[in-house]
There are 2 protein chains.
Amino acid sequence: MSKHVKEMGILKEHLGKHQLKFTRQRELILDAFLKQEHITAEEMYHQLARKDPHLGLATIYRTLNLFCEAGLAQARHFGTQTQYDNVSHKGHHDHLICTGCGKIVEFENCDIERLQEEVATRNGFTIQTHRLELYGLCSRCRH
Amino acid sequence: MSKHVKEMGILKEHLGKHQLKFTRQRELILDAFLKQEHITAEEMYHQLARKDPHLGLATIYRTLNLFCEAGLAQARHFGTQTQYDNVSHKGHHDHLICTGCGKIVEFENCDIERLQEEVATRNGFTIQTHRLELYGLCSRCRH
DNA sequence: CTTGAAATTGATAAACCGTATCAAAAAGAA
DNA sequence: TTCTTTTTGATACGGTTTATCAATTTCAAG
């Protein structure tokens, strides 16, 4: 039985609103997804191959995109692949990305978040989620 | 004659250091590139098709990657495509994106930029560029 | 507990983006 | 001009993601 009651509820609500169905695969993939901070479709495919050898790669892609629409995941393109971030898993962290070696450092900054809220409010927006990526050179690659 | 004297100099210096040659195509592509804030290889291909119908797409990719190595451009993965940012272009703006109607509002916030620098410094990074997107509902879509 | 319409799945073909390959052309030093 | 090295353009290729479609599953209604 799943421990991810809240997220499962969010998914079911989304499914209900869009005449979509709750399936064994969607439950399986959501459970696996919520255990990670972020994952690629390919990684999940291999990870779940043991539990269900017949689970297709296309289903993984479709389901992860569904999670994005439901607000449970967020897609981030890095290199040639797409990373699916677990939105609920964060005290929403952002990324510092080294353009030299590809290293990724995660960080969290309340002041920035507060200023984002300010900007949004000033423009009449209510923020649901955000994405902040800083690109540059890490100390090692600068030399 | 090009107006981008400084950048042309940077390119030529890079070429000289690496036993590479200065070609008509590289000059043409750099001129076109510097007129934009950011562009994809495909966009540039179509844009330059009028000036030189025989310019190959592979050459565009190779040259834009060369600009990255020379420090004139910065590659960013956006959606499924790669955006090449014009590093010399300042006035970086960020985006508020309405998940309801797709409306995009551009903004600029110095305080956020300053905090970003702080975070980067604390982690030993030197920022080259960044990307900040706030997703939410605009005043009209909230109701 | 059936039944049946509608959605989903898995297998795989196709699309897409960017890179590799290679013969022909161009650059640039001697 | 000559000669060596690099670059170009055309296109084949490789990896990732999406589209297609017959078979299967879901789930609401009877």
Verify, without hydrogens or angle tests, whether [X] (side chain) and [Y] (backbone) share a donor-acceptor contact under 3.5 angstrom.
X: A/E27; Y: A/T23; value: no
X: A/H18; Y: A/H14; value: yes
X: A/N86; Y: A/Q36; value: yes
X: A/D85; Y: A/A73; value: no
X: A/T121; Y: A/E117; value: yes
X: A/R131; Y: A/A75; value: yes
X: B/R26; Y: B/K21; value: yes

Protein-nucleotide distance ([X], atom [atom1]; [N], atom [atom2]), rounded to Å:
X: A/L28; N: C/dT9; atom1: CG; atom2: P; answer: 11 Å
X: B/E42; N: C/dT19; atom1: CD; atom2: C1'; answer: 14 Å
X: B/E69; N: C/dT19; atom1: CD; atom2: C1'; answer: 13 Å
X: B/E27; N: C/dA27; atom1: CD; atom2: P; answer: 11 Å

task = Specify whether B/F67 and B/F33 have parallel, tilted or perpendicular ring planes, treating 30° as the upper limit for parallel and 60° as the lower limit for perpendicular.
result =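 The arrangement is tilted - the two ring planes meet at 30° to 60°.
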request  = Using a strict 4.0 Å threshold on nitrogen-to-oxygen distance, state whether B/R24 and B/D52 make a salt bridge.
outcome  =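 Yes, this pair counts.
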Distance test, side-chain N/O of A/R26 to OP1/OP2 of C/dT8, below 4.0 Å =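 Yes, because at least one side-chain N or O of A/R26 sits under 4.0 Å from OP1 or OP2 of C/dT8.
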query = Can you check whether A/T23 has a side-chain N or O nearer than 4.0 Å to OP1 or OP2 of C/dT9?
reply =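 Checking A/T23 against C/dT9: at least one side-chain N or O falls below 4.0 Å of OP1 or OP2.
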inquiry  = Using five base pairs at each end to define the local axes, how bent is the helix from C/dC1-D/dG30 to C/dA30-D/dT1, to the nearest 10°?
reply    =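 Comparing the first five pairs with the last five, the axes sit 30° apart.
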Touch class at under 4.0 angstrom, heavy-atom based, for A/T40 against every strand present =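 The answer is nothing, as A/T40 stays clear of every strand by at least 4.0 Å.
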task = Pull out every residue in residues 44-67 of chain A that has a heavy atom closer than 4.0 Å to any atom of DNA chain D, ordered by number, or say none.
result =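 Contacts with DNA chain D under 4.0 Å: A/A58, A/Y61, A/R62, A/N65.
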ask   = Going 5' to 3' along DNA chain D, which nucleotides are the first and last within contact of chain A (any atom under 4.0 Å from a heavy atom)?
value =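 It runs D/dT16 to D/dC27.
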B/E118: partners by salt bridge (charged side-chain N to carboxylate O under 4.0 Å, His left out), with sequence neighbours left out =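 Here the qualifying residues are B/R114, B/R122.
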Counterpart residues, salt bridge (charged side-chain N to carboxylate O under 4.0 Å, His left out), relative to A/K17 (two or more places apart) =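 For A/K17, the residues satisfying salt bridge (charged side-chain N to carboxylate O under 4.0 Å, His left out) (neighbours in sequence not counted) are A/E13.
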inquiry  = Quick check on DNA chain C: between B/T82 and B/Q25, whose nearest nucleotide comes earlier from the 5' end?
reply    =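 That would be B/T82.
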Between the protein and nucleotides 1-6 of chain C, are there any N/O to N/O pairs under 3.5 Å, and if so, what are the atom names and distances?
residue, atom, partner, partner atom, Å
C/dA6, N3, A/K21, NZ, 2.9

message = Could you check whether A/H95 and A/E133, counting side-chain N and O atoms only, form a donor-acceptor pair closer than 3.5 Å?
response =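 No, no side-chain donor-acceptor pair sits under 3.5 Å.
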ask   = Hey, are B/N65 and B/T63 close enough side-chain-wise for a donor-acceptor pair under 3.5 Å?
value =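 The criterion, which ignores hydrogens and geometry beyond distance, is not satisfied for B/N65 and B/T63.
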request  = Could you pick out which residue, A/Y84 or A/R24, lies toward the 5' side of DNA chain D when each is mapped onto its nearest nucleotide?
outcome  =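 That would be A/Y84.
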ask   = Hey, what do you get for CE (B/M8) to CG (B/L72), rounding to the nearest 0.5 Å?
value =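 The distance works out to 9.5 Å.
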